[in-house]
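Only one structure is covered here, and it is reproduced in the block below.
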Amino acid sequence: MLLGASAAALLAAGCSGQGSRENGKGTGQPSESGSSGPMANPTAPSGVLGANFNEDPSDMRFSQLRGLSASWLRGFLPMPEADEGLPARQRAVATLLGAGKQGYGTVLSLKFPYQGQALPAPGSALMDAELERVDKVARAVMGTVDILVIGNEPFLESRPADRDGPAVNAFYEHVARHLVAYRKERFGARCKTRLYMGALNHLDDPGQRTAATRRWVEFVHDTKEIEGVDIHPHVVSIDAGQKYLDYVVPHLRDDQKFLVTEFSLVLNWREHLRDTIPVPFAMRYGMDPHTRVWELLKEAVRNPFPQEKWNAFLAMSPWFSANAHFLRDQVQRFRDTGKLAVATYGVVQADAMVRNIGPDKQPWLLNSLYANRTVQEHGDGTTGRNQAWCKDFRALQRQRDHLPVRTGETAT
């Protein structure tokens, strides 16, 4: 059976053929000098859509970013890695520093993983040790990255007893004040690096909007050196994502904005993992129509599909095709507030996304712009992709966002 005309047209276009393996792999070592494009006037980021690799840039290549016309890149650093050598040599930091040398705007989030132990109290020896790590990272990135985010997902990366407050607030507020003072001492009145507080999750759930999250956004509002807050709306629908905006935006000062360093419909995809694959797709490719979606994903990782087969699977799956313009529509919601600084979207399928695939694993692999682990490399050496996401990502890039990025300096 042939694809429907509209679905086929949607998935036939996408990223330009620039995902080559040859150059610019995400090692932090740029393969070429900065862009030769016109120098933009320095300006604070506003309404930007960039790419995100989280903590693992090993499958990302700068050629892929060029294929997307992306000009911003985000990653996060688990802070224990600061004990393993110079932070500038850690893969996430090295990649961002390399991107900055090529003219990309850069966002680094600091991840403090305390799910299994109490958050250090201000003034304690454990807090002093944590601040030593913070200083090591700050020496490597302050004044170089464009945005430094204090915390990755604080309310998920802490124990339930701490995240209900006040421990989570006390810890991150102390770290924030420390970084504010560090920046002022080292750079004086102005610095390139802007400070944001880390990401809030699950704001679409009234039960997750607590006294601690309220204190979080009030601290952001009341601390003049903090330029805004990050959110991570991994949701079941765009309307659920709107609840994040309804919660955060009213708390921002006139001179503040918000980040969205991660967002997706992963909770929607998860609802369909136990669905059977579309019958027309099964008939077309000689597959058992009783195959579950999660089983097909596992098979695609084991034996990557040709691009056309991956396109057909997504286009014939109603739960995906109905949301094929999620990226476009969600970014427009962000921009319509007038308060978006930078949003970043997942660029590649990382190794952790495809390990132990089953009916209960979060299907992060369906979010990525490039389907590098589920689609065969093309004959010209370019990377397999999610055509719908790539097409809309490129269309969302504005002339003023092109390389090189110049954000100027902010008051400290």
Side-chain angles (χ1 to χ4, degrees), residues 14-32 49-78 81 89-102 104 106-109 111 152 234 261-264 266 269 297-307 309-311 314 327 344-357 361-390 393-394:
C15 309
S16 63
Q18 306 223 7
S20 170
R21 291 186 180 273
E22 275 69 28
N23 294 313
K25 192 172 182 178
T27 62
Q29 301 300 317
S31 62
E32 59 183 59
L49 174 63
N52 169 44
F53 62 75
N54 282 325
E55 67 179 306
D56 183 5
S58 56
D59 287 301
M60 191 208 77
R61 295 174 287 282
F62 284 102
S63 56
Q64 294 166 336
L65 301 184
R66 292 192 295 273
L68 296 164
S69 298
S71 59
W72 280 77
L73 186 63
R74 179 260 180 179
F76 69 75
L77 175 69
E81 292 187 10
R89 295 180 180 175
Q90 301 301 327
R91 56 186 182 175
V93 177
T95 298
L96 290 174
L97 294 177
K101 290 177 181 177
Q102 296 198 56
Y104 288 87
T106 52
V107 183
L108 174 65
S109 300
K111 176 177 179 174
N152 177 52
H234 294 296
T261 55
E262 297 180 25
F263 65 103
S264 75
V266 69
W269 313 146
L297 297 177
K298 188 170 185 176
E299 177 59 25
V301 171
R302 185 184 298 115
N303 296 297
F305 290 178
Q307 183 72 65
K309 184 176 180 181
W310 184 251
N311 292 351
L314 296 178
L327 180 59
T344 58
Y345 196 76
V347 64
V348 292
Q349 296 168 333
D351 178 65
M353 297 180 185
V354 300
R355 280 194 236 120
N356 304 315
I357 291 177
K361 182 180 175 68
Q362 291 281 45
W364 300 108
L365 61 86
L366 290 169
N367 295 334
S368 304
L369 292 156
Y370 285 101
N372 50 298
R373 293 179 181 272
T374 55
V375 175
Q376 298 170 9
E377 186 178 87
H378 297 175
D380 61 359
T382 56
T383 308
R385 60 207 62 157
N386 184 319
Q387 303 280 28
W389 299 155
C390 284
F393 188 99
R394 285 175 55 82

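From a predicted model like this one, the values you see are computed outputs, not experimental measurements. Heavy-atom basis, side chains included; hydrogens, waters and symmetry copies ignored.
Gly100 approaches Thr106 most closely through the heavy-atom pair N-CG2, 3.9 Å. A pairwise comparison of heavy atoms in Lys361 and Val354 identifies CE-N, 4.4 Å as the closest pair. Asn386 approaches Ser368 most closely through the heavy-atom pair CB-O, 3.5 Å. When every heavy atom of Cys390 is checked against every heavy atom of Leu68, the shortest pair comes out as SG-CD2, 4.0 Å. Minimum interatomic distance between Thr383 and Asn372 (heavy atoms only, all atoms of both residues): CG2-CB, 3.6 Å. Smallest separation of non-hydrogen atoms from Thr95 and Phe62: O-CZ, 4.0 Å.
Side chain of Gln307 to main chain of Gly384: no donor-acceptor pair is present (N/O by atom type, distance under 3.5 Å, no hydrogens or angles). Not a single donor-acceptor pair under 3.5 Å links the side chain of Arg74 to the backbone N or O of Thr344. Formation of a donor-acceptor pair under 3.5 Å by the Trp310 side chain with backbone atoms of Pro304 is not found in this model. Looking only at distances, a side-chain donor or acceptor of Gln90 sits under 3.5 Å from a matching main-chain atom of Glu81. A distance-only check finds no donor-acceptor pair linking the side chain of Arg66 to the backbone of Arg61 [under 3.5 Å].
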side-chain contact (heavy atoms from CB on, under 4.5 Å) between Arg373 and Leu365, intermediate numbers included
CA-CA 8 Å; Arg373 293 179 181 272; Leu365 61 86; over 6 Å; no

Step by step, would you call Leu73 with Met60 a side-chain contact (heavy atoms from CB on, under 4.5 Å)?
CA-CA 11 Å; Leu73 186 63; Met60 191 208 77; 3.6 Å; yes

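At a threshold of 4.5 Å between non-hydrogen side-chain atoms, the residues Leu314 and Leu366 count as touching. For the pair Val347 and Tyr370, the minimum side-chain heavy-atom distance is below 4.5 Å. A heavy-atom distance below 4.5 Å is found between the side chains of Phe53 and Leu96. Considering only heavy atoms from C-beta on, Leu77 comes within 4.5 Å of Leu108 through its side chain. For the pair Asn367 and Tyr345, the minimum side-chain heavy-atom distance is below 4.5 Å. Side-chain contact between Leu369 and Leu327 is present, with heavy atoms from C-beta onward closer than 4.5 Å. The side-chain heavy atoms of Asn152 and Glu55, taken from C-beta on, include no pair separated by under 4.5 Å.
Between His234 and Trp364, the angle of the ring planes goes over 60°, which puts this pair in the perpendicular group of the 30/60° scheme.
For Asp351, the CG atom sits in a packed shell: over 12 heavy atoms of surrounding residues, nucleotides or ligands are nearer than 6.0 Å.
The structure places OG of Ser109 at 8.0 Å from CD of Glu262, a figure rounded to the nearest 0.5 Å. In this structure, CG in Leu297 is found 8.0 Å from CZ in Phe305, a value given to the nearest 0.5 Å.
Using a 3.5 Å distance cut-off with no hydrogens or angles, the side chains of Asp56 and Asn54 do not pair a donor with an acceptor.
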